[in-house]
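Just so we're on the same page: letters track the sequence lines, and every chain starts at 1. Remember, it's a predicted structure, so these values are computed and weren't measured experimentally.
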There are 2 protein chains.
Amino acid sequence: MLTTFEVLSLPARREILERLRSGPSSVSELSDALGLSQPITSKHLRVLKDAGFVSVRPDAQRRWYELRPEPFVEVAQWLEPYRWMWEDRLDRLGRYLDDEEASR
Amino acid sequence: MLTTFEVLSLPARREILERLRSGPSSVSELSDALGLSQPITSKHLRVLKDAGFVSVRPDAQRRWYELRPEPFVEVAQWLEPYRWMWEDRLDRLGRYLDDEEASR
DNA sequence: AAGGTATATACTTTCAAAGGTATGTTGACG
DNA sequence: CGTCAACATACCTTTGAAAGTATATACCTT
């Protein structure tokens, strides 16, 4: 199973995620919209599902894929300790320290 | 050249970045601290440099590597349109009010 | 039951990143 | 000037993700 950042390293998969921001979508809708073959699309969705980026809801032959927040939260948490580099406002530093303290 | 997310997909490189949060470091310091061989460390640092994650300052035989914000900002900007998934409006309203207050 | 639709997966090939090892390069210092 | 120290890079090998193609599965419709 691929890790969160490995999943995100492929542009096609980021495009799938971007498209899912506007709501759930079926495989054929995604493959049409992004110009990918159906098998390729299914395989990317499988990877995205295994990593927690999407969930699936069957509906007859269709599968509706939908965004899930967990891996995005993981990225946000990874990113947080680096924010001081470009957001050097003291109140944000304060907020970061508050969060650190609150997490213990 | 590897893209931002490709660079981040390797744990060893994320560990290097994490270590650099406490300040600039030389190759041997990093390789000792992380248990990596010197060539491997140098190669990862080369990748990180090419992708803009670090800058280098020569000092005799030593090279001091230091974090740079740009790629982190890129990740933050990519992440932003997904925040609604786990941060609801009230959270963001709260932060907005905090910012307004802090700016006076 | 038959045929069509929507999706998943098996199989193969390709390709490039990652690690290991050896060697090159540059500067310090006796 | 020779040697050591710190680092970079060239070369080779391995490995696994990605794409393409073909096929399997499940469900609807008539």
A.B. asks: Using a heavy-atom cut-off of under 4.0 Å over every strand shown, decide if Pro58(A) touches base, sugar-phosphate, or nothing.
C.D. replies: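 No contact.
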
A.B. asks: Parallel, tilted or perpendicular: which describes the rings of Phe72(B) and Trp86(A), with under 30° parallel and over 60° perpendicular?
C.D. replies: parallel

A.B. asks: Within less than 4.0 Å of OP1 or OP2 of dA18(D), is there a side-chain N or O belonging to Arg13(A)?
C.D. replies: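 Yes.
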
A.B. asks: What is the minimum heavy-atom distance between Thr41(B) and Val27(B), and which atoms define it?
C.D. replies: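 Smallest interatomic distance, heavy atoms only, reads CG2-O, 3.9 Å.
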
A.B. asks: Which distance, rounded to the nearest 0.5 Å, do you find between the CZ of Phe53(B) and the CG of Leu8(B)?
C.D. replies: 4.0 Å

A.B. asks: What does Thr41(B) touch in the nucleic acid at a heavy-atom separation under 4.0 angstrom: a base, only the sugar-phosphate, or nothing?
C.D. replies: nothing

A.B. asks: On the nucleotide dA19(D), are OP1 or OP2 found under 4.0 Å from the side-chain N or O atoms that His44(A) carries?
C.D. replies: yes

A.B. asks: Using only modelled atom types and a 3.5 angstrom limit, is any donor from either the side chain of Glu6(B) or the base of dA17(C) paired with an acceptor on the other?
C.D. replies: no

A.B. asks: So Ser37(A), base contact, sugar-phosphate only, or nothing? Heavy-atom distance under 4.0 Å.
C.D. replies: nothing

A.B. asks: Figure out the CG/C1' separation between Leu48(B) and dA8(D), and round it to whole Å.
C.D. replies: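 Rounded to whole Å, this separation is 15 Å.
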
A.B. asks: With the side chain of Lys43(A) defined as its heavy atoms from C-beta on, choose the nearest nucleotide among dT9(C), dA8(D), dT7(C).
C.D. replies: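 Ranking dT9(C), dA8(D), dT7(C) by closest atom to the Lys43(A) side chain puts dT9(C) first.
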
A.B. asks: Calculate the interatomic distance between Asp59(B) atom CG and dA8(D) atom P; express it in whole Å.
C.D. replies: 13 Å

A.B. asks: Look through every strand shown and name the nucleotide pairing with dA18(D) as Watson-Crick or G-U wobble, where both distances are under 3.5 Å.
C.D. replies: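 Base partner found: dT13(C).
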
A.B. asks: Given atom CH2 of Trp64(B) and atom P of dC7(D), what is their separation to the nearest angstrom?
C.D. replies: 8 Å

A.B. asks: Is Leu45(A) touching bases, backbone alone, or none of the nucleic acid, heavy atoms closer than 4.0 Å?
C.D. replies: nothing

A.B. asks: Within less than 4.0 Å of OP1 or OP2 of dA6(C), is there a side-chain N or O belonging to Tyr65(A)?
C.D. replies: no

A.B. asks: Does dT9(C) have its OP1 or OP2 closer than 4.0 Å to a side-chain nitrogen or oxygen of Arg46(A)?
C.D. replies: yes

A.B. asks: Rounded to whole Å, how long is the line connecting atom CG of Leu34(A) with atom P of dA18(D)?
C.D. replies: 16 Å

A.B. asks: Quick one: does NZ or CZ of Arg21(A) land under 6.0 Å from the six-membered ring centre of Tyr82(B), within 45 degrees of the ring axis?
C.D. replies: yes

A.B. asks: Taking CZ from Phe5(A) and P from dA17(C), how many angstroms apart are they, rounded to a whole number?
C.D. replies: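 Spelled out: CZ on Phe5(A) to P on dA17(C) is 19 Å.
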
A.B. asks: How close or far is atom P of dA6(D) from atom CZ of Arg57(B), stated in whole angstroms?
C.D. replies: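 One finds 17 Å between P of dA6(D) and CZ of Arg57(B), rounded.
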
A.B. asks: If you assign each of Leu10(A) and Arg63(A) to its closest nucleotide in DNA chain D, which residue comes earlier from the 5' end?
C.D. replies: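 Its nearest nucleotide lies further toward 5', so the answer is Leu10(A).
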
A.B. asks: Suppose we call a contact any N or O donor and acceptor under 3.5 Å apart; does that hold for the side chain of Gln38(A) and the base of dA6(C)?
C.D. replies: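 Checked by distance alone, the answer is no.
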
A.B. asks: Side chains of Glu66(B) and Trp64(B): closer than 4.5 Å at any heavy-atom pair?
C.D. replies: no

A.B. asks: Mind calculating the distance between CE (Met1(A)) and C1' (dA17(D)) to the nearest angstrom?
C.D. replies: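 Rounded to whole Å, this separation is 15 Å.
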
A.B. asks: Quick one: on DNA chain C, does Ile40(A) or Arg62(A) contact a more 5' nucleotide (nearest heavy atom)?
C.D. replies: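 Residue closer to the 5' terminus by nearest nucleotide: Arg62(A).
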
A.B. asks: Considering every strand and a 4.0 Å limit on heavy-atom distances, what is the contact class for Ser28(A): base, sugar-phosphate, or nothing?
C.D. replies: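 Result for Ser28(A) = sugar-phosphate.
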
A.B. asks: Nearest whole angstrom, please: distance from the C1' of dG27(C) to the CD of Gln61(B).
C.D. replies: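 That distance rounds to 5 Å.
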
A.B. asks: Between Thr4(A) and Glu74(A), is there a side-chain donor-acceptor contact under 3.5 Å, judged purely by atom types and distance?
C.D. replies: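 Per modelled atom types, Glu74(A) and Thr4(A) side chains form a pair under 3.5 Å.
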
